[in-house]
Amino acid sequence: MEKHFDWSSVEPKWRERWTELGVGHADVTSTKPAYVIALPPPNITGALHMGHASTFSIQDTVCRERRMRGYEVEWAPGTDHAAIATQNVIERQLAEEGLTKEELGRAAFQSRVDAWYEEYGGRILEQMRRMGYTCDWERLRFTLDEQYVHAIRLVFKTLFDEGLVYRGPRIVNWCPYCRSAISDEEIDWQVQTDTLYYLKYPVEGGQSITVATVRPETMLGDTGVAVAPGDSRYASLIGKHVTLPLTWRVVPIIADQAVRPEFGTGALKVTPGHDPTDYEIGARHSLPIVNVIALDGTMDVPSLPQFHGMPVEAARTAVADALRALGVLVKEEPYAHDVGHCDRSGTVLEPLVSEQWWVRMASLAAPGIGAVESGEITFHPARYTDVYLHWMRNIKDWCISRQIWLGHAIPVSTCGNGHRFAWIDPPTRCPDCGDTSLTDDPDVLDTWFSSGLWPFAIFGWPEQTPDLEKFYPTDLLVTGRDIIFLWVARMIMNGIKFTGRNPFTDVLITSTIQATDGSRMSKSKGNTVDPLDLADKYGADAVRAWAAAVSTSVQDMRFDEDRIASYQRFANKLWQVTSGFLVAKVGNGSIADLDVHPPKPETLRPEDRWMLAELAAAVRACDSGFAAYRFHEAVDALYDTTWHSFCDWYVEIIKFRLADAGDHESRRAAVWTAVTTLDVLLRLLHPFMPFVTEECAQQLPNAEPTLQHRSWPDQDPLWSEAATTSAHHEIAEAIELVKRIRALGHGHKVPRGARDRIRITVRDGEGRGINKHVSRLIGGLVPATVVDSHERGVDPAVVVSGRLHAEVVIADTAADASATARQIGLLEANVSRLQAQLANPAFVNGAPARVVDEARRRLAEATAQLDLLRRGRLGGSADAAG
RNA sequence: GGUCAGCUAGCUCAGUUGGUUAGAGCGCGCGGUUCACAUCCGCGAGGUCGAGGGUUCGAGUCCCCCGCUGACCACCA
């Protein structure tokens, strides 16, 4: 037998078995109720990272549990084409070869992309199989699938025909690196310290006005100066004109409510072409738009050759220098502010005016707000409800066009007569006039436009396929909080708009795993942790159980490798107690043929009932954990019950019974209880740790080919009955007593392993002997011999637990009574606190009866224990003295 | 500027209607190995629950205020 659980040999076996048995595949004709999760599609060329490990592990855990509960589970996997990310990779490759995509041409570029997908596509799917995720691989989808493309075009055409998609010039977030517009949700704001420049402009009539700006280079495109409407400092200047240095353009001074009088000088230079606020001010005051920055992020000012073609950063300094030389630059100070970066390339965004496609969101958002307000869709944790609603209620039109090559082409053409129309199948002629000289729109769609259709497009929508019928709407969506707006909100809006149904009922937002220092994990920082490395090191089960346990409690969780290691040891513990103890020792190599019919209840010993009651509590904790998406509660309860209640106490207790071959009935009850407990625990743990639980369950009686074919444990009436008997309490007290007797050994030089040197008597509160079984049980758990009574003349240490107390004599010498004294001290403190509390009428009258009763009960118990300890001590001393 | 979250043992974190002596894992100290497991077992030390007020018979838990950390939102000049 292997010394330890060897996941590296076990995992491949079970992955194959699950595939052979079709565990992940859902039968669309099944009469079982469907339970469906649409996998958030990872980038096809991506690699499994911590975020995936945490969200995917939870999804698989839920899927496995639902299968055991009798649902037809569909966990639909797929991948996203990730247009911008992939295009950037290919362009970097080309750059290394000294090429640009324009030199290569569109067709050749596309084949490079295809080759890249071919080489790296689906790697992440292999990694997911490696982790044991039971997706329905037969329903694998890709956002570039023909059917999926059809769905996208239909959605676009519908929105276009309804006037919800429009094209127009507006100021957009332009990424000079990607050479594309991006949406507001794709901006990564970063704090940056720049210089705030104060520019003093001459005003007609000999006065002057000073504006503050961090971007002096944009003054080349200024077409106005704005002040706050009520600002008395500038009231007299409103309507006058300023002559701008360098361009010598004459621009008006206007009053606009967007100006914050307290900032800088209270006067704002207005650059409608390169600032979103200024764009709006300009629109309100009909100021002209002057573009001075080109799409590549360089200055576009042919009339000022000294700046033309300069990168913006360089132009900033150059323009500032020129203004300084002219005496216009009157002050400079450091200024920290947020600067928008492209979340794909990290490049500083350049707001500029350009012609883009937009979706009108307001009417789409309204029902999406209602679905969440009404509780039809629930966020977990609940606080994300407000995050979602706030964004939805303030939603802005969505820029969906991208000026990149890769992705879904915007399905719009324009004919020679200027008719613009959207299409589903590529057209040959204009539907309005029949003209055949068609020009296709050059842009592609935002990737999120396509992923927003995921939950229904993957099942064949718009066709009313059997899959769509059976599996849509889905039930649960599990994802990180970073894509609530980008993806979750848009799926809700699209789902309602195009299917008339909410796409899911529950949204689970997982914790974010941070680096050990609390910073964000990122490839560029080099502080990422690879879940597959961890799976190599600790086994997939350990990574999965850890991921599930940490992903549903806090908002952010620092990565703690030791905690993963603890789940690896837990897997080993499970395997040891199953294979090494139950099978090897109890069953002499096999327990497959064991009689699993419950024994007569009266043959169950108190400890058996205690174990069953503990098991019942674990089932309850596990069920409520699943129901509330609080998986850490389920994992913690199962870990504790398995390791401590079962392995540390129950198994240790029954070892003595198992060794007693004479008592056949007792042995049978113990074996049955142990096997039953383990079987239930393995089933409950299976969703979290599928590999080790399968490996263990195979060795138990009545094994199925996979635990996925077993049912989820129900509460057995026998267990509840066990919990209501006094057995549970009795054993709990005995366990506590054992701990206290053991504690005597610490710090008191009690020689361990010297059973014959330590003698104990165990009695109840009235000084009577206790149940023989329990007394023997205690004797088996401590290194001591149980005797009926001590010889006269010795001074026992006394320990108390509940109604039980033990007199302990070590090596026939006077025991160090400090343990007894310590207990007395604690109890005295306890008693006086309880007495004070109960003497307070405000407490007795004000607190609920159950609380007061409980306080009285505790006081009575503590008082009784105190009496026992004092009597034991005094009595012993008196005898010793005599 | 606004909103949300976090601050509990050396570390990472539990602690859902306020009610035992505030818990776990890891780490640390002491002891233990023929008898499932040293990836183990037993015992122990370690906390004024971020600071300060308040409500209450009673506060880690509720309220106010402050501090620090992080996230998000915002028209971020």
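We name chains A, B, ... by the order of the sequence lines, and we start the count at 1 in each one. Note: hydrogens, waters and symmetry copies are ignored here, and every other heavy atom, side chains too, is used.
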C1'-based separation of B:C13 from B:U8 [nearest Å]: 9 Å
Between A:Asp640 and A:His644: side-chain donor-acceptor atoms closer than 3.5 Å: yes
Margin query: Between B:A36 and A:Lys655, counting only base atoms on the nucleotide and side-chain atoms on the residue, is there a donor-acceptor pair under 3.5 Å?
Written below: yes
Q) For atom P, what is the distance between B:A14 and B:C75, given to the nearest Å? A) 34 Å
| query | Under 4.0 angstrom, heavy atoms only, what part of the nucleic acid is A:Val554 near: base, sugar-phosphate, or nothing? | reply | sugar-phosphate
From CD1 of A:Ile741 across to C1' of B:G31 the rounded distance in Å is 18 Å
Side-chain (A:His274) to main-chain (A:Ile293) donor-acceptor, under 3.5 angstrom: yes
Reading nucleotides 70-77 of chain B from 5' to 3' and marking B where a protein heavy atom lies under 4.0 Å of the base, S where only the sugar-phosphate is that close, and - otherwise, the string is BSSSBSBB
Pairing string of RNA chain B (Watson-Crick or G-U wobble, both atom distances under 3.5 Å; | = paired to other strand) is (((((((..((((.....[...)))).(((((.......))))).....(.(((..]....))).))))))))....
Sorted by chain and number, sequence neighbours left out, side chain to side chain contact (heavy atoms under 4.5 Å, CB included) with A:Ser801 holds for A:Glu733, A:Glu736, A:Leu737
Side chain to side chain donor-acceptor pair (under 3.5 Å) filter on A:Gln865, not counting sequence neighbours, yields none
Across all chains, not counting sequence neighbours, the side chain to side chain donor-acceptor pair (under 3.5 Å) partners of A:Asn845 are none
Checklist entry - Can you find a side chain N or O atom of A:Lys3 that sits less than 4.0 Å from OP1 or OP2 on B:A38? => result yes
With sequence neighbours left out, the residues meeting side chain to side chain donor-acceptor pair (under 3.5 Å) with A:Arg563 are none
Report task. In whole angstrom, give me the gap between the P atoms of B:A9 and B:U61. Result -> 15 Å
Rounded to whole Å, NZ of A:Lys739 lies from C1' of B:G44 at a distance of 13 Å
**OP:** Looking at every strand, decide which applies to A:Thr512 at a 4.0 Å heavy-atom threshold: base, sugar-phosphate, or nothing.
**Re:** nothing
Q | B:G42 and B:G27, which share atom name P, separated by this distance in whole Å | A | 15 Å
Q) Any sub-3.5 Å donor-acceptor pair from A:Arg630's side-chain atoms to A:Ser624's backbone N or O? A) no
inquiry  = Please give the distance between the P atoms of B:G15 and B:C7 as a whole number of Å.
reply    = 10 Å
Between B:C49 and B:A74, how many Å separate the two C1' atoms, rounded to a whole number? 35 Å
Hits for side chain to side chain contact (heavy atoms under 4.5 Å, CB included) against A:Glu332, two or more places apart or cross-chain, chain-then-number order -> A:Thr195, A:Tyr197, A:Arg324, A:Leu329
To the nearest angstrom, the CH2-C1' distance between A:Trp546 and B:C13 comes to 12 Å
Apply side chain to side chain contact (heavy atoms under 4.5 Å, CB included) to the pair A:Leu638 and A:Phe570, showing each step before the final yes or no.
CA-CA 11 Å; A:Leu638 294 172; A:Phe570 180 61; 5.6 Å; no
Testing B:G44, B:U21, B:A36 for proximity to the side chain of A:Asn830, the answer is B:U21
Discussion item. Can a side-chain donor-acceptor contact be found between A:Asp275 and A:Thr218 if the only test is distance below 3.5 angstrom?
Written reply: no
Side chain to side chain contact (heavy atoms under 4.5 Å, CB included) filter on A:Arg569, not counting sequence neighbours, yields A:Ala565, A:Ser566, A:Trp643
ask   = Is a donor-acceptor pair below 3.5 Å formed from side chain A:Glu854 to base B:U20, judging by atom type as modelled?
value = no
* To do: Answer with base, sugar-phosphate or nothing: what part of the nucleic acid does A:Arg558 contact at a heavy-atom distance below 4.0 Å?
  => sugar-phosphate
| message | Can you check the distance between B:G52 and B:A5, where both ends of the measurement are the P atom (answer in whole Å)? | response | 23 Å
Judged by nearest nucleotide, the residue sitting upstream toward the 5' end of RNA chain B, A:Thr578 or A:Arg850, is A:Arg850
Can you pull every protein N or O that's under 3.5 Å from an N or O on nucleotides 54-60 of chain B?
unit_1	atom_1	unit_2	atom_2	d
B:C57	O2'	A:Asn840	ND2	3.2

Among B:U21, B:G15, B:G42, the one nearest any side-chain atom of A:His632 is B:G15
Here the distance between atom C1' of B:U20 and atom CD of A:Gln865, to the nearest Å, is 12 Å
Rounded to whole Å, CZ of A:Arg833 lies from P of B:U20 at a distance of 11 Å
Inset, instruction - Give a yes or no on whether A:Arg233 atom CZ has more than 12 heavy-atom contacts from other residues, nucleotides or ligands under 6.0 Å away. - result: yes
By side chain to side chain contact (heavy atoms under 4.5 Å, CB included), A:Ala697 pairs with (sequence neighbours left out) A:Leu682, A:Leu707
key: P atoms of B:C65 and B:C4, separation to the nearest Å   = 12 Å
Looking only at B:A36, B:U16, B:U39, the nucleotide nearest the A:His4 side chain is B:U39
_Test your reading of the model: is there a side-chain donor-acceptor pair from A:Asp278 to the backbone of A:Gly273, 3.5 Å cut-off?_
no
Please classify the nucleic acid contact of A:Lys573 as base, sugar-phosphate, or nothing, using heavy-atom distances under 4.0 Å. base
Give the ring-plane orientation class for A:Phe688 versus A:Phe631, where under 30° counts as parallel, over 60° as perpendicular and anything between as tilted. perpendicular
Side chain to side chain donor-acceptor pair (under 3.5 Å) filter on A:Glu186, not counting sequence neighbours, yields A:Ser183, A:Arg402
Check nucleotides 23-28 of chain B for protein N or O atoms closer than 3.5 Å to its own N or O atoms and list the pairs.
unit_1	atom_1	unit_2	atom_2	d
B:C26	O2'	A:Asp562	OD2	2.9

